Amino acid sequence: IKNPLFDKDDSLLTREAKYYKYSSLGFYAQAIKDYKLITKYARKTLHIVEDMPGSPYRYITIMKNLCGSLLKLKDFKEVSSCIVELRHFANKLDQSKWKGAYHSAVIMAYQIVNVVHSFC
């Protein structure tokens, strides 16, 4: 994490390189339990994978991590908007191909809503 690569400007990095960079920094943030950093890198990684082809599970997992850190920070307003985004994402999935991912996203959104209600 102290490597100069992590301090440099990201503009020359490919999308995939940015994904790996932010994922690594996010894992580090999780290891030290820095919820502000987890949130920062989850947002960046989420922005990158939104338009990437491939498995929707990547997006769902990042959204779960983002919501978890936001809950730790008690940022319920942003958690609510993430739930809306997650449901919207699920509804856009081709269920003939990604039925499991659809169900995972919907169930996760429901579970996050329940956690938010337990705080209120």
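Side chains are part of it too, since the values below use all heavy atoms of this structure and drop only hydrogens, waters and symmetry mates. The structure presented is a predicted model; accordingly, all values stated were derived computationally and were not measured.
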**Item:** Partner set under salt bridge (charged side-chain N to carboxylate O under 4.0 Å, His left out) for Glu78, not counting sequence neighbours
**Value:** Arg43
**Request:** Taking the side chain as every heavy atom from C-beta outward, state whether Met63 and Phe89 have any atom pair closer than 4.5 Å.
**Result:** no
**Complete:** Rounded to the nearest 0.5 Å, the CG atom of Leu71 sits from the CZ atom of Phe76 at a distance of 6.5 Å
**Request:** Report, as yes or no, whether the 6.0 Å neighbourhood of atom CZ on Phe27 holds more than 12 heavy atoms from other residues, nucleotides or ligands.
**Result:** no
**Message:** With clusters defined by side-chain heavy atoms of hydrophobic residues (ILVMFWY) lying less than 4.5 Å apart, directly or transitively, does Tyr20 cluster with Leu66?
**Reply:** yes
**Inter-residue atom distance Gln111.CD - Cys67.SG, 0.5 Å rounding** = 11.5 Å
**Asked** In terms of hydrophobic clustering (I, L, V, M, F, W, Y; side-chain heavy atoms under 4.5 Å; direct or indirect links), are Leu25 and Tyr35 co-clustered?
**Response** no
**Request:** Give me the ring orientation class for Trp98 and Tyr57: parallel if the planes are under 30° apart, tilted from 30 to 60°, perpendicular past 60°.
**Result:** perpendicular
**Message:** Is there a path of hydrophobic side-chain contacts, each under 4.5 Å between heavy atoms, that joins Ile48 and Ile38?
**Reply:** no
**Request:** Identify the heavy atoms of Ala105 and Leu86 that sit nearest to each other, and give their distance.
**Result:** O-CD2, 3.6 Å
**Item:** Side chains of Gln30 and Tyr41 in contact at under 4.5 Å (non-hydrogen atoms)
**Value:** no
**Message:** I'd like to know if the side chain of Ser118 and the backbone of Val115 have a donor-acceptor N/O pair within less than 3.5 Å.
**Reply:** yes
**Message:** I'd like to check Val113 versus Arg87 (side-chain heavy atoms, cut-off strictly below 4.5 Å). Are they in contact?
**Reply:** yes
**Asked** Near His103 NE2, under 6.0 Å, is it more than 12 heavy atoms from other residues, nucleotides or ligands?
**Response** yes
**Rounded distance (nearest 0.5 Å) linking atom OH of Tyr22 with atom CG of Leu46** = 13.0 Å
**Complete:** Taken to the nearest 0.5 Å, the spacing of Cys82 SG from Ile62 CD1 works out to 12.0 Å
**Complete:** So OG1 of Thr39 and CG of Leu73: to nearest 0.5 Å the spacing works out to 4.5 Å
**Request:** To the nearest 0.5 Å, tell me how far Lys72 NZ sits from Lys33 NZ.
**Result:** 8.0 Å
**Message:** On a heavy-atom basis, which atom in Ala29 and which in Leu37 lie closest, and how many Å separate them?
**Reply:** CB-CB, 3.5 Å
**Request:** Answer whether the closest heavy-atom distance between the side chains of Tyr102 and Asn91 falls below 4.5 Å.
**Result:** yes
